[in-house]
Amino acid sequence: MPTILGQNQYGKAENRVVKITRDGDTHHIKDLNVSVALSGDMDDVHYSGSNANVLPTDTTKNTVYAFAKEYGIESAEQFGIHLARHFVTSQEPIHRARIRIEEYAWERIETSDGNSKFIGADEVKHSFVRKGQEVRTTQITFDGEQWEVVSGLKDLTVMNSTNSEFWGYVKDKYTTLQEAYDRILATQVAAQWRYNWTSDEDRMPNWDKSYEQAKKHMLQAFAETYSLSLQQTLYQMGSRIINSRSEIDEIRFSLPNKHHFLVDLEPFGLKNDNEVYFAADRPYGLIEATILRDGVEPKIPVDMTNL
């Protein structure tokens with residue numbers, strides 16, 4: 001039975017690049033994990049093995065490191081835009097480039113006056129500790145004319161120790177879960193939001209400011225929502241971002257419900273008044289949804305694997 005080639009892409013994944021910017025004695029760090037995926041006129045390499053249109057993945061890796069030196073890393077989004085533009089405009093067979101970046105944040109270590117004097121320096125500005133809150137993400141896609149920028153974060157763990165309930169749900173013969181009128185609500189946020197910037201003719205967002213503001217509104221909505229379900233909280237988080245940030249049209253969340261169950265202490269003659277919980281890591285409820293600006297078509301795919 002004859003076969004044909006379907007969707008395909010190739011590139012070098014997970015290029016770890018750390019860029020140190022030295023401003024006198026003050027140093028700054030950008031720590032990225034960059035994955036490149038390219039697609040275009042690649043039928044021949046699949047059908048016959050001809051590499052005439054293939055830019056080696058090793059070359060894409062080298063480009064990442066060279067660009068870190070040539071252009072610096074202003075933001076993950078800006079760095080991805082430089083790379084995507086380069087691959088599409090410099091290689092005729094390549095019609096579409098996707099740059100996916102994870103950014104790992106570092107913060108400066110504050111040292112004591114005594115310690116600074118001991119090592120012979122007035123102030124230490126080159127020592128850092130890795131932040132553990134979340135990983136910043138972005139995906140840049142370029143086809144030579146239109147841009148798509150989908151940024152976000154993952155591994156952001158949040159908890160409300162009260163102001164959360166869960167009751168009134170469907171029950172059948174397999175239901176054992178007890179209704180809760182005061183529970184812990186915790187999740188590990190993974191979110192991707194799509195910018196409405198698509199053309200070089202339009203004004204580009206301030207990527208770093210936009211990220212910080214989106215995260216702020218997300219966290220404020222989580223904290224300020226009296227939750228009757230994680231779905232309700234998710235919707236409020238997305239709505240707060242859409243309503244507060246005009247440059248963002250769509251946001252998709254994946255929220256695992258990090259369950260906390262009250263421990264039965266009655267066998268020990270103790271009353272557990274919402275004080276002692278068992279934190280279960282699996283299985284977990286997984287709540288996912290996309291929130292859109294009214295009138296906007298959804299474009300963030302449920303599966304972001306393919307270019």
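In this chain, residues are counted from 1 in sequence order.
- Heavy-atom neighbours of Glu275 CD from other residues, nucleotides or ligands within 6.0 Å: above the threshold of 12.
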What do the steps show when you test Met218 against Val189 for side-chain contact (heavy atoms from CB on, under 4.5 Å), and what is the final call? CA-CA 10 Å; Met218 179 193 306; Val189 181; 3.8 Å; yes
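- Nearest heavy atoms, Arg240 versus Ser244: O-OG, 2.7 Å.
- Using modelled atom types and a 3.5 Å distance limit, the side chains of Tyr226 and Glu165 yield a donor-acceptor pair.
- To the nearest 0.5 Å, the span separating OG on Ser239 from CZ on Arg293 amounts to 10.5 Å.
- Membership of an apolar cluster is not assigned to Val302, as no side-chain contact below 4.5 Å to another ILVMFWY residue is traced.
- At most 12 non-hydrogen atoms from other residues, nucleotides or ligands lie less than 6.0 angstrom from CD of Gln133.
- A salt bridge does not link Lys299 with Asp249: none of the charged nitrogens is closer than 4.0 Å to a carboxylate oxygen.
- Among residues two or more places apart in sequence or in another chain, the salt bridge (charged side-chain N to carboxylate O under 4.0 Å, His left out) test is passed with Lys258 by none.
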Side chain to side chain donor-acceptor pair (under 3.5 Å) between Gln220 and Lys215, worked out: CA-CA 9 Å; Gln220 288 177 345; Lys215 178 185 170 184; over 6 Å; no
Donor-acceptor pairs under 3.5 angstrom involving side-chain atoms of residues 150-162: please list them, not counting sequence neighbours.
{"residue": "Ser151", "atom": "OG", "partner": "Glu77", "partner atom": "OE2", "Å": "2.7"}
{"residue": "Ser151", "atom": "OG", "partner": "Thr138", "partner atom": "OG1", "Å": "2.9"}
{"residue": "Lys154", "atom": "NZ", "partner": "Glu102", "partner atom": "OE2", "Å": "2.5"}
{"residue": "Thr157", "atom": "OG1", "partner": "Gln188", "partner atom": "NE2", "Å": "3.4"}
{"residue": "Asn160", "atom": "ND2", "partner": "Phe222", "partner atom": "O", "Å": "2.9"}
{"residue": "Thr162", "atom": "OG1", "partner": "Asp182", "partner atom": "OD1", "Å": "2.8"}

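- Between the side chains of Gln192 and Arg252, no donor-acceptor pair is found at a separation under 3.5 Å.
- Looking at every heavy atom in both residues, Ser75 comes nearest to Trp207 through OG-CD1, 3.6 Å.
- Between Lys30 and Glu74 there is no salt bridge, since no side-chain N of the basic residue sits under 4.0 Å from a carboxylate O of the acidic one.
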Evaluation steps, side-chain contact (heavy atoms from CB on, under 4.5 Å), between Ile248 and Ile242: CA-CA 6 Å; Ile248 296 173; Ile242 296 293; 4.1 Å; yes
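- Crowding of Glu107 atom CD: a count of heavy atoms from other residues, nucleotides or ligands under 6.0 Å exceeding 12.
- Leu185 contributes atom CG, which lies 6.0 Å from atom CG of Asn257 (distance to the nearest 0.5 angstrom).
- Taking the six-membered ring where the residue is Trp, the centroids of Phe67 and His86 are separated by under 6.0 Å.
- Scanning all heavy atoms of the two residues, the minimum distance from Glu288 to Ser254 falls at OE2-OG, 3.1 Å.
- Counting only N and O atoms by type, the side chains of Trp193 and Tyr195 include a donor and acceptor under 3.5 Å apart.
- Between Tyr277 and Asn272 there is no side-chain heavy-atom pair separated by less than 4.5 Å.
- A donor-acceptor pair is defined here as one N or O able to donate and one able to accept, closer than 3.5 Å; no such pair exists between the side chain of Tyr235 and the backbone of Thr290.
- Taking the ring axis of Tyr211 as reference, the NZ or CZ atom of Arg136 stays within 45° of it and closer than 6.0 Å to the ring centre.
- Closest non-hydrogen pair, Glu297 versus Arg194, comes out as O-NH2, 3.2 Å.
- The structure places CG of Asn15 at 6.0 Å from OG1 of Thr60, a figure rounded to the nearest 0.5 Å.
- A donor-acceptor pair under 3.5 Å links the side-chain atoms of His46 to the main chain of Met42, judged by distance alone.
- No donor-acceptor distance shorter than 3.5 angstrom exists from the side chain of Thr141 to the backbone of Arg98, with no hydrogens or angles considered.
- Separating the CD1 atom in Ile20 from the CG atom in Asp31 is a distance of 8.5 Å, to the nearest 0.5 Å.
- The shortest side-chain heavy-atom distance between Lys69 and Tyr65 does not fall under the 4.5 Å cut-off.
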From CA spacing to verdict: side chain to side chain donor-acceptor pair (under 3.5 Å), Asp172, Thr175: CA-CA 5 Å; Asp172 66 11; Thr175 301; 3.3 Å; yes
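- In this structure the side chain of Lys19 never reaches within 4.5 angstrom of the side chain of Phe79, judged on heavy atoms.
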If you apply the rule salt bridge (charged side-chain N to carboxylate O under 4.0 Å, His left out), what do you find for Lys271 with Glu266, and how did you get there? CA-CA 6 Å; Lys271 182 181 179 181; Glu266 289 187 3; over 6 Å; no
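- Using a 4.5 Å heavy-atom threshold, the side chains of Thr137 and Ile101 count as separate.
- Two residues are said to be in side-chain contact when any heavy atoms from C-beta on lie closer than 4.5 Å; Leu255 and Leu286 fail this criterion.
- Between the side chains of Thr225 and Gln236, no donor-acceptor pair is found at a separation under 3.5 Å.
- To the nearest 0.5 angstrom, Ile300 atom CD1 is 9.5 Å from Gln139 atom CD.
- Checking Ser199 against Asp202 by side-chain atom types alone, no donor-acceptor pair falls below 3.5 Å.
- Two residues are said to be in side-chain contact when any heavy atoms from C-beta on lie closer than 4.5 Å; Trp147 and Ile81 meet this criterion.
- Put simply, the side chain of Lys171 reaches to within 4.5 Å of the side chain of Glu179, judged on heavy atoms.
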Let's go through Asp143 and His95 carefully: what are the C-alpha distance in whole Å and the side-chain angles of both, what is the deciding distance for side-chain contact (heavy atoms from CB on, under 4.5 Å) to 0.1 Å, and is it a yes or a no? CA-CA 6 Å; Asp143 63 4; His95 300 164; over 6 Å; no
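- In this structure, the side chains of Met237 and His217 stay at 4.5 Å or more apart for every pair of heavy atoms.
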Criterion side-chain contact (heavy atoms from CB on, under 4.5 Å) on Val45 and Tyr10, from CA distance to verdict: CA-CA 11 Å; Val45 67; Tyr10 81 104; over 6 Å; no
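- Remark: Asn196 CG to Glu148 CD distance equals 12.0 Å, nearest 0.5 Å.
- Look at Arg203 and Glu247 and you find no salt bridge, because none of the NZ, NE, NH1 or NH2 atoms lies under 4.0 Å from a carboxylate O.
- Asn206 places a side-chain N or O within 3.5 Å of a backbone atom of Lys209 that can act as its donor or acceptor partner.
- Remark: Glu92 CD is loosely packed, at most 12 non-hydrogen atoms of other residues, nucleotides or ligands lying under 6.0 Å away.
- The closest side-chain donor-acceptor pair between Ser39 and Arg96, if any, does not fall under 3.5 angstrom.
- Side-chain polar atoms of Glu14 and Ser35 form no donor-acceptor pair below 3.5 angstrom.
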